Amino acid sequence: MEKLANPQKTIEIIQKNNFHFQKRYGQNFLIDPHVLEKIVTASQITPDDFVLEVGPGIGTLTQYLAEAAREVVAVEIDRDLIPILEETLGEYENVTVLNQDILKVDVAALAQEKNGGRPIKVIGNLPYYITTPIVMGLLESRVPLESITVMVQKEVGLRMQASPGTKDYGALSLAVQYYAEPYLAANVPPNCFIPRPGVGSAVIRLACRETPAVTVKDEKLLFSIIHASFGQRRKTLVNGLRNAPGLDFTKEQIEEALRRTGLSETVRGETLTLAQFAYLADELGKMADK
Ligand code: SAM
């Protein structure tokens, strides 16, 4: 099958099918073969792999995945794209298209059915309006995942892989890095898509950990503390945690927990590593138990 990844072929398919782009579905289709090759290389697909693709569009990336993997399931919400995908992917016997919302798909059942419960690879040029629910939903679900390799808005990619003390570091960095090791594989400019998005893009690979990066007694408390620390960025950690809804610690308790973690009372949340947040959460947890 002729590749769709060029502007002429993409426009031809769109016009022939009288397809109208839906902004609300974050539809920006890739038209640059180099970028598609980068995604395939970054995702480290082997002929043995089962791949779940998020949002195939007209099937541009799906063609590459079908040629590299054993089997692909592609989940597309827009029913107007389904007849187009039947045509563009008709020759690939190892591809199944599901007309569903990715946020409602039972990925664990899919991994069980298609991959015997072994870790799967998730790949996609994501609809940017739901990047965080898709990525965090997958990571938190504890579905067996080997990696997630996705196109995201560039600033979101930078936040996912940011280190403590940098301007991009925040709750998303810590949440992603708790479950996975991020690697920014490529920057992608707007002219690689039709229509051009208003923002820069990046391909990020998240290599999923078998167990979280740190061990903590109360995961929920850890993430409440992380969210509270970044909710009020300019405040010290003591003030951020004291004023946070849902957390019920006194100034003295927080200061004592910070001392036990080996941190100053004037420290700001944005300088703490994940391991320090975990230690702090355990210390505060002990105080709550008393
Ligand atoms: N993979 C194609 C490409 O690279 O050319 C299209 C990528 S486009 C950025 C995102 C795709 O995700 C669109 O086809 C859009 O319709 C689809 N999409 C949006 N929301 C979705 C959802 N909740 N579940 C599944 N697919 C969705």
Side-chain angles (χ1 to χ4, degrees), residues 1-17 19-22 25-76 78 80-97 102 121-128 131 134 146-154 156-157 182-207:
M1 166 92 193
E2 191 190 344
K3 286 284 186 354
L4 302 160
N6 66 74
Q8 297 75 20
K9 189 73 194 165
T10 296
I11 289 167
E12 183 193 312
I13 298 273
I14 284 165
Q15 288 182 343
K16 194 175 107 190
N17 290 279
F19 174 75
H20 298 285
F21 286 97
Q22 300 243 34
Y25 286 149
Q27 291 177 340
N28 301 95
F29 296 167
L30 273 167
I31 48 169
D32 185 330
H34 301 294
V35 176
L36 289 147
E37 281 155 20
K38 274 249 168 76
I39 298 174
V40 173
T41 308
S43 62
Q44 301 177 8
I45 309 176
T46 70
D48 227 17
D49 282 333
F50 167 73
V51 170
L52 170 63
E53 188 195 1
V54 181
I58 59 168
T60 313
L61 174 58
T62 327
Q63 290 185 326
Y64 283 75
L65 302 179
E67 285 173 16
R70 168 176 53 86
E71 186 171 0
V72 180
V73 168
V75 179
E76 174 55 62
D78 185 352
D80 291 350
L81 286 167
I82 304 305
I84 301 182
L85 287 163
E86 273 162 19
E87 181 189 329
T88 59
L89 301 174
E91 284 178 23
Y92 296 95
E93 289 181 357
N94 59 344
V95 177
T96 310
V97 174
I102 188 65
K121 289 181 175 157
V122 178
I123 301 175
N125 170 18
L126 292 188
Y128 294 168
T131 298
I134 294 175
E146 188 170 322
S147 59
I148 301 177
T149 307
V150 280
M151 181 83 69
V152 296
Q153 191 176 330
K154 186 178 171 186
V156 174
Y183 165 68
L184 260 191
N187 284 318
V188 182
N191 63 7
C192 296
F193 303 83
I194 287 181
R196 294 181 182 196
V199 291
S201 302
V203 177
I204 193 160
R205 175 172 194 268
L206 307 175

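Residue numbers start at 1 and run along the sequence shown. Remember, predicted model here, so these are calculated numbers, not experimental data.
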Q) Has the side chain of Asn6 got a donor or acceptor atom that lies under 3.5 Å from a matching backbone atom of Gln8? A) yes
Q. When rounded to the nearest 0.5 angstrom, what is the spacing between CD1 in Ile58 and CD1 in Ile194?
A. 8.5 Å
Q | Side-chain H-bond candidate by donor/acceptor type, Thr62 with Tyr92, under 3.5 Å | A | no
Q) Between Glu76 and Gly57, is there a donor-acceptor pair closer than 3.5 Å when you use the side chain of the first and the backbone of the second? A) yes
Q) If you look at every heavy atom in Ala202 and Leu184, which pair is closest and at what distance? A) CB-CD2, 3.7 Å
Q. Should Val203 and Val150 count as side-chain neighbours, where that means a heavy-atom distance under 4.5 Å?
A. no
Q: Please tell me if the side chains of Val75 and Leu52 come closer than 4.5 Å, counting only heavy atoms from C-beta onward.
A: yes
Q) Do Arg205 and Gln44 touch side chain to side chain, with heavy atoms closer than 4.5 Å? A) yes
Q. Where do Glu87 and Lys16 land on the salt bridge (charged side-chain N to carboxylate O under 4.0 Å, His left out) test, with the steps shown first?
A. CA-CA 12 Å; Glu87 181 189 329; Lys16 194 175 107 190; 2.6 Å; yes
**Q.** Between OG1 on residue Thr149 and NZ on residue Lys38, distance to nearest 0.5 Å
**A.** 14.0 Å
Q: Determine, step by step, whether Asn191 and Asp32 satisfy the side chain to side chain contact (heavy atoms under 4.5 Å, CB included) criterion, reporting the C-alpha distance in whole Å, the side-chain angles of both residues, the deciding distance to 0.1 Å, and the verdict.
A: CA-CA 9 Å; Asn191 63 7; Asp32 185 330; 6.0 Å; no
Q) With a 4.5 Å limit on heavy-atom distance, are the side chains of Ile102 and Pro127 in contact? A) no
Q: Identify the two heavy atoms, one from Leu61 and one from Gly124, that lie closest to each other, and give their separation to 0.1 Å.
A: CD2-CA, 4.1 Å
(Q) salt bridge (charged side-chain N to carboxylate O under 4.0 Å, His left out), that's the test. Do Arg70 and Asp49 meet it? Break it down for me. (A) CA-CA 5 Å; Arg70 168 176 53 86; Asp49 282 333; over 6 Å; no
Q. Side-chain contact, heavy-atom cut-off 4.5 Å: Asn17 with Pro83?
A. no
Q: Could you check Thr60, Leu4, Thr41 and say which one makes a side-chain contact (heavy atoms from CB on, under 4.5 Å) with Leu36?
A: Thr60
Q | OG on Ser201 to NZ on Lys154, rounded to 0.5 Å | A | 10.0 Å
(Q) Give me the atom names and distance for the closest heavy-atom approach of Ala68 to Val40. (A) CB-CG1, 4.1 Å
Q: State, to 0.1 Å, how close Asn187 and Pro189 come at their nearest heavy-atom pair, and which atoms those are.
A: O-CD, 4.0 Å
Q | Least distance between heavy atoms, Gly59 atom then Thr88 atom | A | CA-OG1, 4.4 Å
Q | Side chain proximity check, Asp78 to Gln27, heavy atoms < 4.5 angstrom | A | yes
**Q.** Set of ring pair (Phe, Tyr, Trp, His ring centres under 6.0 Å) partners for Tyr183, sequence neighbours left out
**A.** none
Q.
Between Glu67 and Lys3, does any side-chain N to carboxylate O distance fall below 4.0 Å?
A. yes
Q) Do Tyr128 and Val199 come close enough that some side-chain heavy atom pair is under 4.5 Å? A) yes
Q: State the CZ-CG distance between Phe29 and Asn125, to the nearest 0.5 angstrom.
A: 9.0 Å
Q: Kindly determine whether Gln153 and Thr131 satisfy side chain to side chain contact (heavy atoms under 4.5 Å, CB included), including the steps that lead there.
A: CA-CA 9 Å; Gln153 191 176 330; Thr131 298; 5.9 Å; no
Q: Determine, step by step, whether Asn28 and Arg196 satisfy the side chain to side chain contact (heavy atoms under 4.5 Å, CB included) criterion, reporting the C-alpha distance in whole Å, the side-chain angles of both residues, the deciding distance to 0.1 Å, and the verdict.
A: CA-CA 7 Å; Asn28 301 95; Arg196 294 181 182 196; over 6 Å; no
Q: State the CG-CD1 distance between Leu30 and Ile39, to the nearest 0.5 angstrom.
A: 5.5 Å
Q) Do you know the tightest heavy-atom contact between Pro56 and Ala74? A) CG-CB, 3.7 Å
Q. Roughly how far apart are Phe193 CZ and Met151 CE, rounded to 0.5 Å?
A. 4.0 Å
